[in-house]
Amino acid sequence: MTTWVLISLTRPSAHLWDNSGYRQQVSLDVGQLRADTPGCEEIIHLNNAGAALSPRSVTNAVTDHLRLESQLGGYEAAETAADKIMHTRSSIAQLLSVDAADIALTHSDTSAWTKAFWGLALAGWFSSGGTVLVDSGVYNSHYFALLQAQQLFDLQIELMQLNEDGSLNLDDLDSRLDSSTKMVTATHVGTHKGAVSDVAQIGARTRALGIPFFLDACQSAGQLPLNLSSIQCDVATGTGRKFLRGPRGTGWLFVREEWAERMQPPGIDGSSATWTSLSSFELLPRAERFQEFEYPIAAQIGLGVAVSYALELGIEAIANRISGLSAKLRTGLQQAGAKVHDGPGPQSGIVSFTLPNVDCDYLAGQLKLAGINLSVTRAAWTRFDMGQRGLEAAVRASPHVYNTEAEIDYLVNQVAAS
Ligand SMILES: Cc1ncc(COP(=O)(O)O)c(C=O)c1O
């Protein structure tokens, strides 16, 4: 165990409204959170936007199932775990306030997003051409699919404009949405900065016009309340390893029933379709058609445990804790002479910064030597937004509930000394 990890055991609180309308105080016990998270003893982990430290219960669930596979056989172990896998789908559905029948488990955010996108394309949705609206935070893997689709279809890609305060320019959006709009895709929290987009403004419009709205919730799931019914998106995607604290190699896909039934997802197998005759197959209903037979069952079980852990803590309480730590970090970094690049508007737990005349990779490397995990975010991941701001790279720190105020101070002091 490293001796420089200063642990301050505070009990931050969130205020929640219960069903009867009373305001309740919900506390997170940071000491318990850290005791639940073995990695906290090893490192100051501020790369939760990359992959967070899993709670011990998640690792145990994964290794228990792997052990079962080695003892019983993979198929036989899966039979005993059917309810656990269903639990993963239903806990994700609870997190998102949607029906579990509309949740499919995937390997990553990208595999989820591309299955839904190409599901539309294979159903002929883009055959007559049209326009796709994207936001400036669009992640590279989603945009790559759009560029690939442009090689096949007469698709125009248009960028939704923002106001100076970071909010969506609704007049611009309204002027772009018309009968040629084939799809809108937006990012709740970009990979590269703190700003949180008001995506419900999009959903209200696309739902009224019958245009499919894809929401990238990869960085918001697990750190912010996420009610897809009120956001009114038709597709939402995320990954397990980030703020949800699940294992690597896991992801999830939500597709609203009406759209799922119209999609012809690529990569179907016996878990997503039935082979009805030599010249025909039938896709399974709703989200089942996006499932694949082969996936890391142990990891998917672990994801369910991670989501339950978050739900038990309470997403409001998690959001409150992360917001407090990241606000402290932003202030401290500015006082230390760093430039924070999080953009205007409401902020999440992603804090991007640069130091004048200090190379980002060098700085991240120095911080790693000081025992701090964080990452460098690059324009190649979000070319629109970082390109517009002339930013090639920024150091990205992303606290989670188990980080302490002392760890934030330690990072700030290291940056100040760099
Ligand atoms: C905002 C955002 N969207 C999508 C992705 C892609 O996630 P995955 O690597 O699980 O496909 C990422 C990954 O960092 C991301 O930050």
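Just the heavy atoms: all of them, side chains too, but no hydrogens, waters or symmetry mates, feed the values below. All ligand and atom numbering here is 1-based and tracks the order in the structure.
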For [atom], grab the closest protein heavy atom and report residue, atom and distance to one decimal in Å.
atom                    : result
atom 3 (N) of ligand 1  : D216 OD2, 2.6 Å
atom 11 (O) of ligand 1 : T110 OG1, 2.5 Å
atom 9 (O) of ligand 1  : R241 NH2, 2.9 Å
atom 16 (O) of ligand 1 : T191 OG1, 2.8 Å
atom 7 (O) of ligand 1  : D109 CB, 3.3 Å

Please confirm whether K242 comes under 4.0 Å of ligand 1, counting heavy atoms of the residue only. yes
Looking at ligand 1, does V189 have a heavy atom less than 4.0 Å from it? yes
NZ/NE/NH1/NH2 to OD/OE distance under 4.0 Å, [X] and [Y]:
X    : Y    : answer
R286 : E288 : no
K328 : D409 : yes
R321 : E405 : yes
R56  : D36  : no
R330 : D342 : yes

Determine, using ring centers only, whether F293 and Y75 are less than 6.0 Å apart. yes
Looking only at heavy atoms, is any part of T239 under 4.0 Å from ligand 1, and if so is it the side chain, the backbone, or both, or is it neither? side chain
Minimum distance, heavy atoms only, to atom 12 (C) of ligand 1: which one of W113, Y139, W381 is it? Y139
Which heavy-atom pair separates P344 from E164 by the least distance, and what is that distance? CG-O, 3.3 Å
Can you list the ligand 1 atoms lying under 4.0 Å from a non-hydrogen atom of Q219? 1 (C), 16 (O)
